[in-house]
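Keep in mind it's a predicted model, so treat the numbers as computed, not measured. Side chains included, hydrogens not; waters and symmetry mates left out as well; all remaining heavy atoms used.
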Amino acid sequence: MLNPLSTFLGELHDPDGADRVLEEFRGILEDSTIGKIGHNIKFDYSVLLWHGLRVQGKLFDTMLAAWLAVPDLRRSMDYLSEALLAYTPIKITSLIGEKGEQQKSLREVDVEKVAEYAAEDADITLQLSDVLRPKIEEMGQAEVFETVECPLVPVLAHMEYEGVRMDVDVIKGLSEDLKSEISSARNEIFELAGTEFNLNSPKQLGEMLFDTLKLDPDARRTAKSGQYQTSERVLQRLAHKHAIVQKIMDYRVCAKLKSTYVDSLPGSVFEGTGRVHTHYEQAVTATGRMQSHGPNLQNIPIRTEKGREIRKAFVPRNSDFVLMSADYSQIELRVAAEISGDVGMGQIFSEGGDIHTATAVKIYGVDNEEMRRRAKTVNFGIIYGISPFGLAERLDIPRTQAAELIDQYFEQFPGVKKYTEDTISFAKEHGYVETIMGRRRYLRDINSRNTTTRKGAERNAINSRIQGTAADMIKIAMSLIQDEMSRRRLNSRMLMQVHDELVFDMHRDEADELMPIVERLMATAIPMSVPIVVEMGVGEHWLEAH
DNA sequence: GTATTCTGG
DNA sequence: TTCTACCAGAATACG
């Protein structure tokens, strides 16, 4: 993946020449009355931002447009050109060669050739926009495109540009701790097993547990390769049979944290800034959610004691700042209540009660820790398009009992039942479902004769409207917040988005001004009759702020 | 390149 | 009869 940082800052061999070119275009690029069209325009915006130029004016991204207007097509410009314009563009490889050792840089190529390539690139983008613009209208995606996606492009570019500061010393300390824990766990496991093997190989581990130690004669095997399953769930059920099992779980926790986070995050720190500049992908998921990579900041541990320590390494830019986190409380259940119009569920939220406790009271008639835990599982099941099989698996109860539980739930929340039925029948009739903002997800398999396939599509339909609406909501909030922050010329910066959470580098003096703004704009981004609650926190690192 | 596992929402 | 809970990224093993 190309990176504006390395591609355009580090390797530029003629910065003066580049600056002169930049100055030629500065007037147009910074003119807010002139719209800009680009394919993956966040990339171009970012490059210019790193060169101190802030692009103004309305942005039209043909890649985003294609995502919404022709969702089945691949999103590379070359492919779209062939599919929509019946024209095969000059291949970049015809200028710089195939990917590999001797691939050239564009600046080593004859300028005439580069000019032809670049001009064609611009021309195709313009032509694609002419084709895609009416298609967005036809597909009913104009509102999502105009009010959700396009305004978000510069917001994401700025978040990537800002990055987040990492305290590498925190990471180094964790690395040492984990190293010794892993080493002693390994020794104990091999001692108990009587032999050494590769602990990271599920295959070898499965053979040790089930062939050598014979811990479970009815051990489950994986569907694809027929290996023994050694997942957390499986180990959990085996834990009482042999001391080695707990040790393996301990080892796995530490090995995962070390390899995926502790050892890899320092490598993502960009030397030029000392910060981690993640990339956000706006147009990839089926539901409308974003993805983060390089590194992925959306799966930093929080659920376990050990794992959450990693969040202490995410720190404010300097001592004048703190990290501020704002996250939606139970957003998907609130959205479910809103879309379904279920009166009882809406009432629970209006009264400000605990949704899982209230659900436990409704379906079990009692309120204790265990029933609340089960009700919570049921509530998640609702969002995902519940099935007796799936619920039984997660609650570890018989399928028949799970089915009764679902009946019980739907009796108490008839609006939710109607939502699932209406959503499925709409999907069967139209072949797609929509979020509140009109974002569509097409479901090819919704009328499949294969029951498993069809049921899967039905769950996608139920889940997509909910997850997609929540995604729309936070995307809108981000644009509104960024606008308000720059209008007020705040020094605080939006840094991260984690699906239902926004994290800010907040100047200490701006707390009283910024926090009410963030809270209000997040809560009202999409007007709803169910109250939307935003929980906020401040701290010297991400863990403290959350 | 595919499969498995684990991290998050 | 089916062996599925939804949406993702990344590390590792293994053919």
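- Considering only the side chain of A/F389, C/dC3 comes nearest among C/dC3, B/dG9, C/dA10.
- When the nucleotides B/dC6, B/dG8, C/dA11 are ranked by their closest atom to the side chain of A/R311, B/dG8 comes out on top.
- Closest contact between the side chain of A/P301 and the listed nucleotides C/dA11, B/dG8, C/dC7 involves B/dG8.
- For the 3.5 Å distance criterion, the side chains of A/N200 and A/Y251 qualify, holding a donor opposite an acceptor.
- Considering only residues two or more places apart in sequence or on other chains, A/H430 meets the ring-ring contact (aromatic ring centres under 6.0 Å, His included) condition with A/F426, A/Y432.
- For C/dA8, the base has no donor-acceptor partner in the side chain of A/R289 [N/O atoms by modelled type, under 3.5 angstrom].
- Here B/dG1 sits opposite C/dC14 as a Watson-Crick or G-U wobble pair (both hydrogen-bonding atom distances under 3.5 Å).
- The side chain of A/N463 has C/dC6 as its nearest neighbour among C/dA11, B/dG9, C/dC6.
- Side-chain contact, A/Q408 with A/E404: no donor N or O sits under 3.5 Å from an acceptor N or O.
- B/dC6 atom C1' lies 14 Å from atom CE of A/M249, rounded to whole Å.
- Side chains of A/W542 and A/E501: a donor-acceptor N/O pair is present below 3.5 angstrom, by distance only.
- Side chain A/R308 to base B/dG8: no donor-acceptor pair is found below 3.5 Å.
- In this structure, CZ of A/F314 is placed 16 Å from P of B/dT7, rounded to the nearest angstrom.
- Residue A/T222 has a polar side-chain atom (N or O) positioned under 4.0 Å from OP1 or OP2 of B/dT4.
- Among B/dT5, B/dT4, B/dG9, the nucleotide with an atom closest to any side-chain atom of A/Q227 is B/dT4.
- With P as the reference atom, B/dC6 and C/dT2 are 27 Å apart, rounded to whole Å.
- A/E232 comes within 4.0 angstrom of the backbone, heavy atoms only, and of no base.
- Between A/Q204 and the phosphate of C/dC14, there is a side-chain N or O to OP1/OP2 separation shorter than 4.0 Å.
- Within the nucleic acid shown, A/G294 comes within 4.0 Å of sugar-phosphate atoms alone, with no base atom in reach, counting heavy atoms only.
- The phosphate of C/dT1 (OP1 or OP2) has no side-chain N or O of A/N450 nearer than 4.0 angstrom.
- Within 4.0 Å (heavy atoms only), A/A471 reaches no atom of the nucleic acid at all.
- A close approach under 4.0 Å does not occur between any side-chain nitrogen or oxygen of A/T452 and OP1 or OP2 of C/dT1.
- The side chain of A/N296 contributes no N or O atom lying less than 4.0 Å from OP1 or OP2 of C/dA8.
- The ring-ring contact (aromatic ring centres under 6.0 Å, His included) test applied to A/F504 returns no partner, not counting sequence neighbours.
- One interatomic measurement links the two molecules: CZ of A/R441 to P of C/dC7, which rounds to 5 Å at whole-angstrom precision.
- The pairing partner recorded for C/dT4 is none, the criterion being a Watson-Crick or G-U wobble arrangement whose two distances lie under 3.5 angstrom.
- Counting to the nearest Å, the P atom of C/dA10 and the CD atom of A/Q298 are 10 Å from each other.
- As rounded to whole Å, 10 Å separates atom P of B/dT7 from atom CG of A/N299.
- In this structure, A/D218 atom CG and C/dC3 atom P are separated by 20 Å, rounded to whole Å.
- Note on A/R252: every side-chain N or O is 4.0 Å or more away from OP1 and OP2 of B/dT5.
- Comparing B/dT5 with C/dA5, their P atoms sit 13 Å apart, to the nearest whole Å.
- In this model, the phosphate group of B/dC6 is not approached by any side-chain N or O of A/R233 to a distance below 4.0 Å at OP1 or OP2.
- Sorted by first then second residue, the side chain to side chain donor-acceptor pair (under 3.5 Å) pairs that include residues 414-427 of chain A, not counting sequence neighbours, are A/K418-A/D422, A/T423-A/R465.
- Every pair passing salt bridge (Lys or Arg N to Asp or Glu O under 4.0 Å) that includes a residue from residues 386-403 of chain A is listed here, sequence neighbours excluded: A/R220-A/E393, A/R237-A/D396.
- With B/dG8, B/dT5, C/dC7 as the choices, the nucleotide that has an atom nearest any side-chain atom of A/P202 turns out to be B/dT5.
- Between the CD1 atom of A/I466 and the C1' atom of C/dC6 there is a distance of 10 Å, rounded to whole Å.
- In this structure, a donor-acceptor pair under 3.5 Å is present between the side chains of A/H356 and A/N379.
- Across all strands shown, A/Q229 has heavy atoms under 4.0 Å from sugar-phosphate atoms exclusively, and none from any base.
- Judged by the 6.0 Å and 45° rule, A/K362 forms a cation-pi pair with A/F413.
- Taking 4.0 angstrom as the limit, A/R459 places none of its side-chain polar atoms (N or O) nearer than this to OP1 or OP2 of C/dA5.
- Within 4.0 Å of A/I331, counting heavy atoms only, lies no atom of the nucleic acid at all.
- If you check B/dC6, C/dA5, C/dA13 against the side chain of A/K256, the one that comes closest is B/dC6.
- Considering only side-chain atoms of A/N198, the nucleotide from C/dC6, C/dA13, B/dC6 that sits closest is C/dA13.
- DNA chain B is contacted by A/Y384 of residues 370-387 of chain A, taking any non-hydrogen atom closer than 4.0 Å.
- Using a 4.0 Å heavy-atom cutoff across all strands shown, A/S464 reaches no nucleic acid atom at all.
- Whole-Å rounding puts the A/I424 CD1 to C/dC6 P distance at 13 Å.
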Only pairs under 3.5 Å count here: list side-chain donor-acceptor contacts from residues 206-216 of chain A, not counting sequence neighbours, and write none if there are none.
from	atom 1	to	atom 2	distance (Å)
A/D211	OD1	A/Y228	OH	2.7
A/K214	NZ	A/D211	O	2.9
A/D216	OD1	A/D218	N	2.9

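- In this structure, A/T260 does not reach the B/dC6 phosphate: none of its side-chain N or O atoms is under 4.0 Å from OP1 or OP2.
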